[in-house]
There are 2 protein chains.
Amino acid sequence: MPPGRRERKKAATRQKIADTALRLFLERGYDAVGIREVAAEADVAVTTLFSHFASKEALVFEQDQDFEQRLMRAVTDRAPHEPLIPALRREVHALVRHCTADSAAPIWRMIDESPALREYEESMRLRHAESLATAIAADPDLSRSTTACRTIARFAIDAYSLAREAADPDAAVDEIFRMIEAAWEATSP
Amino acid sequence: MPPGRRERKKAATRQKIADTALRLFLERGYDAVGIREVAAEADVAVTTLFSHFASKEALVFEQDQDFEQRLMRAVTDRAPHEPLIPALRREVHALVRHCTADSAAPIWRMIDESPALREYEESMRLRHAESLATAIAADPDLSRSTTACRTIARFAIDAYSLAREAADPDAAVDEIFRMIEAAWEATSP
DNA sequence: TTCCGAAAAGCTAACCGTTAGTGCTATGTT
DNA sequence: AACATAGCACTAACGGTTAGCTTTTCGGAA
């Protein structure tokens, strides 16, 4: 059954809000644009805006679920008997490249300049680390302690976060993952 | 010259605000107590409260600078030629014990129950990691890359954060630091 | 001692993100 | 055709935070 008119309209409203918000934020700065302004420009009521997005920050990180699912799939969908760490490294490489692409630069500059957005992203990363830890703990090939799984998941997210800020992001991913590889091997029986 | 009356009064006001806030928060819940209420109970104006504390959350994490300085001193004040990782592990052990002591339990329960406080603490941890990374990078005995220093600092903070939530915090610190030790050795030439 | 400049504290009034309450309108279903 | 419901709008408010301005209090110089 194809999506009905109702769902299409809802999706369109959501998209229009997100597009309008991002445009205004990039034009005039995140902090300088109020929620009431975004709603007016998108021609919706403030309450409608908040029925689509849980907070002002969520307007910026619209597709953060992609991020989370890609990390988990890097673990669950990897080839049989492929070791964990290289699979994770490959995915983190891809994510970092995606974030450091020239087209994404203005958005990340905006995020860096707003403490509220930075805090929100930090919080998001922790959620992602928890999901990743669950995926790792669920793999029967690995069978490490809960603490080891959560630790490696945090380390992988740290790699993403640190590499994004490094002068040479690609090299930073490799450098950090050499450390993560050693940490992971230190947990095997 | 000993501190004058002015500074003593200022410190007393600050302390009274912090004590009142913590008492009210523990009695009736962080979210259930408003800033105006804290100010009234401490007998100060709201603006005075905000001249002493940057935010409502900062009322709870009053002495977070202690935390930051203890971590940095564990690096800078360690015995000559003492390796880095054991010194860090010792300090993280102490910090975790301090936070998981019975007397601190109600405070951490309150923090766990409030998303705003959790986010604030996450943000604090990142700041602490940056300070720690600076201290590590400044040690001439170590001479690792900037990325390696920042990575190890993050890992140490992760250890603190993860161990605090583990069933056996002491054992978790040891387990995670075995991983950190391996990661650190993977960076030596 | 007296007086001045500055720091601390106060008051008012607002801004901004967010939510509850209520009702209207369009859509999918019977 | 009629009903149930999801989406949206509007108003009004709440709570954290800040700007602007006045008053009090202290430290030191005259």
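Per chain, numbering begins at 1; letters A, B, ... match sequence-line order.
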- Message: Nearest 0.5 angstrom please: Glu119(A) CD to Tyr120(B) OH, how far?
- Response: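 Interatomic distance, Glu119(A) CD to Tyr120(B) OH, rounded to 0.5 Å: 8.5 Å.
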
Report the distance from atom [atom1] of [X] to atom [atom2] of [N], rounded to the nearest whole Å.
X: Ile35(A); N: dT17(D); atom1: CD1; atom2: C1'; result: 17 Å
X: Arg28(B); N: dG15(D); atom1: CZ; atom2: C1'; result: 14 Å
X: Phe50(B); N: dA9(C); atom1: CZ; atom2: P; result: 15 Å
X: Glu7(A); N: dG28(C); atom1: CD; atom2: P; result: 9 Å
X: Asp31(A); N: dC15(C); atom1: CG; atom2: C1'; result: 13 Å
X: Lys56(B); N: dG16(D); atom1: NZ; atom2: P; result: 4 Å
X: Arg5(B); N: dA8(C); atom1: CZ; atom2: P; result: 15 Å
X: Arg8(A); N: dG7(D); atom1: CZ; atom2: C1'; result: 15 Å

May I ask you to evaluate whether [X] reaches the phosphate of [N], defined as a side-chain N or O under 4.0 Å from OP1 or OP2?
X: Thr13(A); N: dG7(D); answer: no
X: Lys10(A); N: dA6(D); answer: no
X: His52(B); N: dA8(C); answer: no
X: Thr48(A); N: dG7(D); answer: no

- Message: Check whether Ser161(A) reaches the backbone of Ile157(A) with its side chain - one donor and one acceptor, N or O, closer than 3.5 Å.
- Response: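 The answer is no, because no donor-acceptor pair under 3.5 Å joins these two groups.
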
- Criterion side chain to side chain contact (heavy atoms under 4.5 Å, CB included) on Ile152(A) and Ile136(A), from CA distance to verdict: CA-CA 9 Å; Ile152(A) 283 296; Ile136(A) 295 174; 4.2 Å; yes

Determine whether any donor atom in the side chain of [X] lies under 3.5 Å from an acceptor atom in the base of [N], or the reverse, and answer yes or no.
X: Arg6(B); N: dT25(D); value: yes
X: Thr47(A); N: dC10(D); value: yes
X: Arg36(B); N: dT17(D); value: yes

- Please confirm whether Arg23(B) makes a cation-pi placement over Phe25(B), using NZ or CZ under 6.0 Å from the six-membered ring centre and within 45° of the ring normal.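 The answer is no, since Arg23(B) fails at least one limit relative to Phe25(B).
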
- Heavy atoms only: give me the nearest Pro86(A)-Pro83(A) pair and the separation to one decimal.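 So the minimum-distance heavy-atom pair works out to CD-O, 3.6 Å.
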
- At their closest point, which heavy atom of Asp31(A) faces which heavy atom of Lys56(A), and how far apart are they?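 Closest approach of Asp31(A) to Lys56(A): CA-NZ, 4.3 Å.
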
Have a look at [X] and say if it touches a base, only the backbone sugar-phosphate, or nothing, with a 4.0 Å heavy-atom cut-off.
X: Val38(B); result: nothing
X: Asp43(A); result: sugar-phosphate
X: Val44(A); result: sugar-phosphate

- ring pair (Phe, Tyr, Trp, His ring centres under 6.0 Å) between Phe53(B) and Phe61(B), intermediate numbers included: CA-CA 10 Å; Phe53(B) 299 91; Phe61(B) 297 96; over 10 Å; no

- Does a side-chain heavy-atom distance below 4.5 Å link Val92(A) with Ile176(A)?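 A side-chain contact under 4.5 Å is absent here.
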
- Query: Between the axis at one end of the helix from dT1(C)-dA30(D) to dT30(C)-dA1(D) and the axis at the other (five pairs apiece), what's the angle to 10 degrees?
  - Reply: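 Here the helix ends are tilted 10° relative to one another.
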
